[in-house]
Amino acid sequence: MDDHNDRNFDALVIGGGIAGLQSALDLADQGFTVAVIERDASVGGKMIRLSKVFPTLDCASCITTPKMAAAAHHDRITLLTYCDLISLQRENGGFRAEVIQRPRYVDARKCIGCRQCEYACPVLVPDREQGGFSPTKAIAIPFSNAIPQIAVLDPNHCMLCGRCERVCPTGAVDYFQQPQPFTVTARTAVVTTGFEMTTLADKPQYGRGKIPNLIDALQMERLLAPHGPYNRVLRPSDGKAPDSIAYIQCAGSRDKSMGQSYCSRVCCMYAIKQAMLLSGSLPLADITIYYMDIRAFGKGYEQFFQNAQAMGINFVKAKVAAVEPGPDGAVVLRYEAQDGEGVTTAEHDLVVLSLGLIPAWNPAGVCPLATASDRFIQSRRPKLAPVETAMEGLFAAGAAIGPKDIVDTIAEAGNAAMAAGKYLAALSRQGQETVAAQ
Amino acid sequence: MTQDNPKPETLAAKIGVYICHCGGNISDHVDVETVRRRVEKMPGVAVARTNMFMCSDPGQEMIAEDLKSGTVDRVVVASCAPSLHEKTFRSAIQRAGANPFIYEHANIREQVSCVHHGQAATDKATVLVAAAAAKAGQLKPLTPIRVPALRHATVIGAGAAGLSAARDLADSGIPVTLIEKSSFLGGQLARLDRIAPTGDLAADLVRQLVESVLNHRDITVLTDAEVVGFEGYIGNFKLTVRRGQPAVEPATEPRYIPFSGMQPAGTGADKPGDLTVETGAIVLATGFRSYRPRQGEYGFGDFSPVITLPDLIRKMAERHVPGNMLTIDGRQVRAVAMIHCVGSRQIPGIHPEDENGHLNEYCSRVCCTATLNAADRIRQAYPGTRVYELYRDIRTYGRDQEELYEQAGRNGVVFLRFEAENAPEVLPADPGDGFALKVKVTDTLTFGETLEVPADLVVLATGMEPNDVSDLVEMMKLPVGTDRFLLEVHPKLRPVEMPVAGIFVAGTCQAPFDVGEACNAAGAAAVKAAALLGAGQVELDPFVAEVDVDRCRGTGACIEACLNPGALSLVEMQIDGQTVQRARVTPALCLGCGACVAVCPENAIDVCGMTLRQYEAMVDAIVEN
């Protein structure tokens, strides 16, 4: 792992989230060698950051970590983390990727993940892995089940006091580490670059992220996670346990004013899931979901929605028009009630914006790959081969080709591995030996 | 087997016990540290450790380190259900260079922290861990059973998913037999016209798929064929396939018959009769059927202008009558009302069960977009026909589907929203207004006003039901969910696998999907089958019966009790110069059920990894703790 000499593989997977891991595993299990390039310091993507997942309410870690570990230990998979893809081009009938590994300021070959540096570091930094609610250190293992377990130094906050370097038992801290450019070549590639959440800054009606106790759904995932920042659900402004919590659906989806006219496909279900988890941890709290249409379309999802209604979660059909700060840290919502009351306001202790999904990667300038008007990568044949792109030998899966839940992502990632595997099989029939065979 | 003659242990086992917090899922209810302290003192336990996530890499490394340093030689992990992570920890042990079967799993999440709290939870966790540790002390290294796997796969069902899976497998070099019940290839996809949101013609998609299958030298297509017999195990299944009399005249070359599918060219060899297919893996792609409304449901069967969405699609495609207004069955349609969620999203207490007591509580996923597509096409082609859509929630979740919803609105489709408990009523029209029917609906979009919509045609957006595959379910012992679709092992960890190793599931026999999603599911199933068969051999768990030849007297009681014919047999062998009969196990066929163990009068047979002695040790530990 993280051995980045210039190397040749059968397949290159771009993005080490759940889609990339699944594709890599399914390719490697067919006997091909695979490199996974991940931008972050750990593989696992968005899924490893979640609390529990619908509709089974399995803990997200319990499902993601085995796939992360299986990929990390697979003989034919190489994980290249903390890497930026600079260029991906077709060359000699295959692909050539120019990659730069960003400096961790920690030697990956020496770090044993003992966290001595983290314990010694005197600088506290808001932990983005915990929604910014609790601190981490300026040098730290990214999170408890990160893979690889290599510390990363944050140069924006490090004050170069030297303590980490002194306590490190293997001499791994290296303040002078430089970005490492290297080249990866492969016969085929799978793009699994996933999604980011829409930004609050785009919606003035929702306060552009400046209203206290108005948080986003990924922050709520951390509040709900059993190993989260407070170990229970508290609202951030004053640490009060909220008695009334609301969800605003389609905050960043089906909303042309924010440039996202499409449905983000997962927000209904994650809001319902969070509401169910909240009613477990705060049994007395009132929970309301303001929605346009409830889109519980997957296997077991509608039954999950019905259960949520039976548990007393309140569903109000309304598109929330505006959000304002209220008294004592409350959040005030304005909407048109469809039961005949007209324009109504409601006050809640904590409000969650169900933000939509936008593509995490724009191929422009890196790779001549077409995106559609929604800015996700274009599928060439959405019906018969959703994973095919316009570039020969290049496949895509998961949220890179449109918002998608985990179940659909895993199926699509399997199909991308099948398509890439078939492509490699056809090449070997034409006489090109695979790397694994060599 | 060793009750009266316990064999002394030559070397006491060094047991490592690893207790997981599961990030709080366990440790919020079980005092993990107390369990660790108690277990540490138990006989044979060399170390007891805890971790936030035992399944994480640091957790697994902790075990590997202890094994490598020789600190432990037996491993117990106390965490979630073994179905989730037993395999994870066995692989970790194997990676550390040890035998993966020196492992015992204690479930202290589903069986403890999910259901008990406080002291009771901590005590029960202690007991379960103690029992697991006691068993671990008795565990012996086992060798997995390796059997050769036939490099051949069978796909059952030739709809979009089945065709796609067959072609994927064959393209990766695995010969495939594709078995289809009807005379046609293309399944339900062939019953569609233009499909949303891409506007692809279903016939073109079917042709593309079928041609790639028929022209593939590694695919054998059997139409009018049904699986009537099933035996064997992963890598070595044997299917009996019965070919019936074709329902249609044989074709001399492949031909497409609209709304039926593609008929392959018949050959003289296609005679009715049984044949045997020996295969290494099976992909089930048995598909769905459209929900059939009951008599009187929204006037269905009572009023002839009440039809289903598949009926409408077919009528519009088969007989296009140009004009300002849509014409169906020779009648001009001035207004059409389309009712969503017919046979889907049914709610107990609101919707009646069918004659077999079933209720379709699930969403059928594709009907919203399909209905909007039909509505929008009517508005575009026949501007004189008004279209009303009566819905509960519009579920245009997929790429470019929301745009179709918007476009239908722009093209003048009128939307009315009803609540499940206040469903629309289809009634005869008032005399004199000229329409065939009227639909009465309480519309929540207009603050609960009750509206009457006149209609010459009512279209019911019927959902999906799985095809009846009860014979396969019975034969192959497949699990079925409460929704009657085939039930995968785990929706995220093993989404295309059936619990019977070597059998995979693809497409709408698992859940409602659209065409693209069904093809994704097919690829996901095919890639698993390809990986399995690519290796040429498969590994089976060694949890099979083992005969102690010294004790066996050849009574044959075990053979009578055996549930899988062929797994146990009596063989003649020479012992002390005498020819005697003794039981012998065929490991690949043994189910590991233990039925033989219970009946052996000599205690001469045991199941590896689950021996009587191991269970006694567990019971002792439970009693002592």
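As the structure is a computational prediction, the values presented were derived from the model and not from experiment. Chain letters run A, B, ... following the sequence lines, proteins first, then strands; residues in each count from 1.
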request  = Kindly indicate, with the supporting measurements, whether the criterion side-chain contact (heavy atoms from CB on, under 4.5 Å) is fulfilled by Leu493(B) and Lys67(A).
outcome  = CA-CA 8 Å; Leu493(B) 287 174; Lys67(A) 299 212 193 226; 4.2 Å; yes
task = Given side-chain contact (heavy atoms from CB on, under 4.5 Å), test Leu384(A) with Leu209(B) step by step and report yes or no.
result = CA-CA 8 Å; Leu384(A) 292 187; Leu209(B) 274 173; 3.7 Å; yes
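- Contacts with chain B were tallied for Cys59(A), Pro386(A), Ala70(A), Gly228(A); Pro386(A) has the most, counting heavy-atom pairs under 4.5 Å.
- Looking only at heavy-atom pairs under 4.5 Å with chain A, the residue among Tyr362(B), Phe485(B), Tyr405(B) that has the most is Tyr362(B).
- When side chains are defined from C-beta on, Lys317(A) counts as touching Arg417(B), because their heavy atoms get closer than 4.5 Å.
- Of all the listed residues (Ala296(A), Pro66(A), Ala425(A)), the one sharing the greatest number of non-hydrogen pairs under 4.5 Å with chain B is Ala296(A).
- Of the two parts of Thr88(B), only the side chain, counted from C-beta on, holds a non-hydrogen atom closer than 4.5 Å to a non-hydrogen atom of chain A.
- Considering all non-hydrogen atoms of both residues, Glu302(A) and Cys363(B) come closest at CB-N, 3.8 Å.
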ask   = Hey, mind stepping through His73(A) and Asp57(B) against side-chain contact (heavy atoms from CB on, under 4.5 Å) and telling me if it holds?
value = CA-CA 9 Å; His73(A) 295 292; Asp57(B) 213 42; 2.7 Å; yes
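- Heavy atoms of Arg109(B) lying under 4.5 Å from chain A belong exclusively to its side chain.
- Between the side chain of Asp393(B) and the backbone N or O of Ile294(A), at least one donor-acceptor pair lies under 3.5 Å.
- Heavy-atom pairs under 4.5 Å with chain A peak, among Val515(B), Val366(B), Leu532(B), Leu84(B), at Val515(B).
- Note on Arg381(A), Gln306(A), Met68(A), Gln303(A): by heavy-atom pairs under 4.5 Å with chain B, the leading option is Gln303(A).
- The contact between Asp29(A) and chain B is made by backbone and side chain atoms together, counting heavy-atom distances below 4.5 Å.
- Considering all non-hydrogen atoms of both residues, Thr65(A) and Cys55(B) come closest at OG1-SG, 3.0 Å.
- Ranked by heavy-atom pairs under 4.5 Å with chain B, the list Lys383(A), Gln30(A), Lys404(A) is led by Lys383(A).
- Only the side chain of Gln208(B) comes within less than 4.5 Å of a heavy atom in chain A; its backbone stays farther off.
- For chain A, the nearby part of Asp514(B) is the side chain; its heavy atoms alone come within less than 4.5 Å.
- Residue Pro512(B): no heavy atom, backbone or side chain, is found under 4.5 Å from chain A.
- If you tally non-hydrogen atom pairs under 4.5 Å between each of Gly534(B), Gly24(B), Pro491(B), Cys519(B) and chain A, the highest count goes to Cys519(B).
- When side chains are defined from C-beta on, Gln401(B) does not count as touching Cys263(A), because their heavy atoms never get closer than 4.5 Å.
- A heavy-atom distance below 4.5 Å is not found between the side chains of Lys492(B) and Ile18(A).
- Of the atoms belonging to Asp171(B), heavy atoms from both backbone and side chain fall under 4.5 Å from chain A.
- Of the listed residues (Gly516(B), Ser364(B), Cys368(B)), the one with the most heavy-atom contacts under 4.5 Å to chain A is Gly516(B).
- Interface check for chain B: of the options Gly402(A), Gly31(A), Ala416(A), Ser61(A), the most heavy-atom pairs under 4.5 Å are formed by Ser61(A).
- Only the backbone of Ala196(B) comes within contact range of chain A, judged by heavy atoms closer than 4.5 Å.
- Heavy atoms closer than 4.5 Å to chain B are found nowhere in Leu27(A), neither backbone nor side chain.
- For chain A, the nearby part of Ile347(B) is the side chain; its heavy atoms alone come within less than 4.5 Å.
- Of the listed residues Met418(A), Gln22(A), Met292(A), Arg295(A), the one with more heavy-atom pairs under 4.5 angstrom with chain B than any other is Arg295(A).
- If you measure heavy-atom distances from Ala28(A) to chain B, you find no contacts under 4.5 Å at all.
- If you measure heavy-atom distances from Phe305(A) to chain B, the contacts under 4.5 Å come from the side chain alone.
- Ring orientation note: the planes of His227(A) and Phe53(B) are nearly perpendicular, at an angle over 60° on the 30°/60° scale.
- Heavy-atom minimum distance, Pro226(A) versus Asn25(B): CG-OD1, 3.9 Å.
- Note on residues 526-536 of chain B: pairs passing salt bridge (Lys or Arg N to Asp or Glu O under 4.0 Å), not counting sequence neighbours, are Asp26(A)-Lys528(B).
- The side-chain contact (heavy atoms from CB on, under 4.5 Å) check on Ser261(A) picks up Lys256(A), Glu403(B), with sequence neighbours excluded.
- For the pair Asp218(B) and Arg429(A), the salt-bridge criterion is not met [side-chain N within less than 4.0 Å of a carboxylate O].
- Gln338(A) touches chain B through backbone and side chain together, each having a heavy atom under 4.5 Å away.
- Taking the charged nitrogens against the carboxylate oxygens, Asp293(A) and Arg395(B) have no contact shorter than 4.0 Å, which rules out a salt bridge.
- Ion pair Arg399(B)/Glu412(A) not flagged as a salt bridge, since none of the NZ, NE, NH1 or NH2 atoms sits closer than 4.0 Å to an Asp/Glu carboxylate oxygen.
- His21(B) does not touch chain A: none of its heavy atoms, backbone or side chain, sits under 4.5 Å away.
- Considering every non-hydrogen atom in both Arg365(B) and Gly298(A), the closest pair reads NH1-CA, 3.7 Å.
- For Tyr301(A), no part sits under 4.5 Å from any heavy atom of chain B, backbone or side chain.
- Of the atoms belonging to Pro55(A), heavy atoms from both backbone and side chain fall under 4.5 Å from chain B.
- Considering only heavy atoms from C-beta on, Phe513(B) stays 4.5 Å or farther from Lys299(A) through its side chain.
- Nearest heavy atoms, Ala411(A) versus Ala524(B): O-CB, 3.5 Å.
- Residue Lys87(B) places its NZ atom among 12 or fewer non-hydrogen atoms of other residues, nucleotides or ligands, all under 6.0 Å distant.
- Nearest approach of Tyr262(A) to Glu402(B), heavy atoms of both residues: CA-CB, 4.3 Å.
- Heavy-atom distances place no part of Gln309(A) under 4.5 Å from chain B, backbone and side chain included.
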